[in-house]
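Beneath this line is the structure, given in structure tokens, with notes to follow.
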Amino acid sequence: MSVNNGDFVLVWESNTQNDQSKREIFEKNLKKDGLILEILSNNEGKVGFISIHTPLNVLRTYADILGIQLPMRKTPEMTSSVFNPINKSTFFCKFFKYLEYNREKLPKKSSTEFDGVYSREKEYLFSISGSTSFPPGVRSRVVDFILKRTSYSENDQLHQVGIDKLLTEKVYSAAYPLHDGRLTSGTGRRCLLRSEWGSLQKFYKYQPLEAVREYLGDRVAFYFAWLGYYTQMLIPASIFGIFCFIYGLSTLYSNKYSEQIQSLDNEATVLFSVLMAFWSVLFLEFWKRYAFELSCRWDVSGKIQEEEYPRPDYLARLRGVKKQELNVVTRTVEPVLSFWKKKFPNTLFSISMVLLLSSLAVSAVVAVILYRISITVVIFTQWAEYDPRVHSWGLILVHGTAVLINLLFIHFFDWLYTFLAEYLTTIELHRTQSEYDESLTLKIFLLKFINFYSSLFYIAFFKGKFVGTPQKYKYFFWISK
């Protein structure tokens, strides 16, 4: 076996005795799980590579544990005569056929081919002839699942589990799955996707989502499905926007509204705004329909969290829990998390920290406002008598430094919020990866939204509201706002 036949690669550079001991224990435990390891290194021995290959029996075992969908065996009853094909002789069908990708190189799954959740007890229902029956995405997922749950301690100590911690400790410098074949030559799926999907010459073609899903997995395929749908929906909006722009240029000096405000805004701009409001509603509703169609076609709409296997970090943090019970869905023994002793205090602490961090971003905006007011007071009360031109350069100094300080605050809080969001989500002890991802996404969205847009909300809704009227101006520190 060579590295080209492997499913995953581990890379190491450290040669310390402690790191080498951890690698030996980790690799020994990987072999106990049934993986085949081939150790490679360069001539100097400074960099080592470990090629991991997954045998068929391991693929079958973990495909059953993870509930992976595999192609089902065809029966005589599953013929295309059951389905009524659409008449493809119409003009629209011929036009859209021109936009299709090459179905000979990347064949689309026919209406008589179905996937089902694999079960070793009902293996006769699935079309499995060897290791090649498992797509590259499935093989990588199985190896990743094993790597994240394998211990590198002889005594099975707490937290010494998983490839992620070994990467953090620099025991391994990298861990990644291998692609299928070369990028620019050959008949592998990687080369075909690059030439038929990733090539700039095929930008107008439809995406081979079935092939993307088979090679990269459901989540990546859903992302590119959304990206392609969003791009298609932008085409009519952009065409109408171009017409509005051209109309604004042609009537810039003849339209009284455009001439008064010295802008391209005109009657067409109002119409464009109304149409974009309708477009946004249609975009959301049509995407829901399309996403539901893909979910049904790929059979991913009925997933429930109870079917997911627990996260390795969740199991590691609860390894000292004595009370355990059998999960009848995953058929594994799992620790029982105490709600009042661990779940509730950690969740309450997480919510409190999110509120505190949100108030910090708002406080930063207030601090910048106070900075501008204080510097303005100093400039116009202390420096005005020495330099009569202080009004011109003073405003530039105040605004420029305030913008720079606000930018530094935004970047600092962006780094801080990302780090703390991951930490707070980890201590909440979410059982499944789906729960973890949903909680992390919510925290990052909320914190970054407040961080990025709090200053814009101030400009839009508060700035300029405290000026007053010419009869009665409002003053801050004896300076007019």
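Only heavy atoms go into these numbers, but all of them, side chains included; no hydrogens, no water, no symmetry mates. Keep in mind that this is a model prediction, so the values were computed, not measured. Along the sequence shown, residues are numbered consecutively beginning with 1.
- Here Ala367 pairs with nothing under the side-chain contact (heavy atoms from CB on, under 4.5 Å) rule; sequence neighbours left out.
- Phe412 and Trp415 have tilted rings, their planes meeting at an angle from 30° to 60° on a 0 to 90° scale.
- With sequence neighbours excluded, no residue satisfies side-chain hydrogen bond (donor to acceptor under 3.5 Å, both in side chains) with Ser195.
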- [ ] Begin with the C-alpha distance, continue with both residues' side-chain angles, and end with the deciding distance and a verdict on side chain to side chain donor-acceptor pair (under 3.5 Å) for Thr401 and Tyr371.
- [x] CA-CA 9 Å; Thr401 54; Tyr371 165 80; 2.8 Å; yes
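- Between Phe49 and Val9 there is a side-chain heavy-atom pair separated by less than 4.5 Å.
- For residues 395-420, the set of pairs meeting the salt bridge (charged side-chain N to carboxylate O under 4.0 Å, His left out) definition, not counting sequence neighbours, comprises Asp414-Lys448.
- The shortest distance between side-chain heavy atoms of Lys342 and Leu429 falls below 4.5 Å.
- The shortest distance between side-chain heavy atoms of Arg141 and Phe145 does not fall below 4.5 Å.
- Residues that satisfy the salt bridge (charged side-chain N to carboxylate O under 4.0 Å, His left out) test with Arg149, not counting sequence neighbours, are absent from this structure.
- Sorted by first and then second residue, the salt bridge (charged side-chain N to carboxylate O under 4.0 Å, His left out) pairs with a member in residues 241-254 form an empty list; sequence neighbours excluded.
- The side-chain hydrogen bond (donor to acceptor under 3.5 Å, both in side chains) contacts involving residues 283-294 comprise Glu293-Arg297, where partners must be two or more places apart or lie in separate chains.
- Scored by the salt bridge (charged side-chain N to carboxylate O under 4.0 Å, His left out) test, Lys202 finds Glu196 as partners (sequence neighbours excluded).
- Residues Val354 and Ser358 meet the side-chain proximity criterion, which asks for heavy atoms closer than 4.5 Å.
- The line from OH of Tyr247 to CZ of Phe272 is 15.5 Å long, rounded to the nearest 0.5 Å.
- Residues His399 and Arg372 meet the side-chain proximity criterion, which asks for heavy atoms closer than 4.5 Å.
- In this structure Ile351 satisfies the side-chain contact (heavy atoms from CB on, under 4.5 Å) test together with Thr347, Leu355, sequence neighbours excluded.
- The aromatic ring centres of Phe283 and Tyr229 sit less than 6.0 Å apart.
- Side-chain contact between Pro208 and Leu193 is present, with at least one heavy-atom pair separated by less than 4.5 Å.
- For Ser350, the side-chain hydrogen bond (donor to acceptor under 3.5 Å, both in side chains) partners at least two apart in sequence or on another chain are Glu428.
- Of the possible polar contacts, one joining the Gln207 side chain to the Phe224 backbone as a donor-acceptor pair under 3.5 Å is found.
- For the pair Leu178 and Asp7, the minimum side-chain heavy-atom distance is 4.5 Å or more.
- Shown here are the side-chain hydrogen bond (donor to acceptor under 3.5 Å, both in side chains) partners of Tyr417, two or more places apart in sequence or in another chain: there are none.
- The local environment of CZ in Phe452 is crowded, with over 12 non-hydrogen atoms from other residues, nucleotides or ligands closer than 6.0 Å.
- Under the 4.5 Å side-chain criterion, counting only non-hydrogen atoms from C-beta, Asn451 is not in contact with Phe409.
- Within a 6.0 Å sphere centred on NZ of Lys170, other residues, nucleotides and ligands contribute 12 heavy atoms or fewer.
- The salt bridge (charged side-chain N to carboxylate O under 4.0 Å, His left out) search around Arg194 returns none, not counting sequence neighbours.
- Applying the salt bridge (charged side-chain N to carboxylate O under 4.0 Å, His left out) test to Asp437 and every residue at least two apart in sequence or in another chain returns Arg219.
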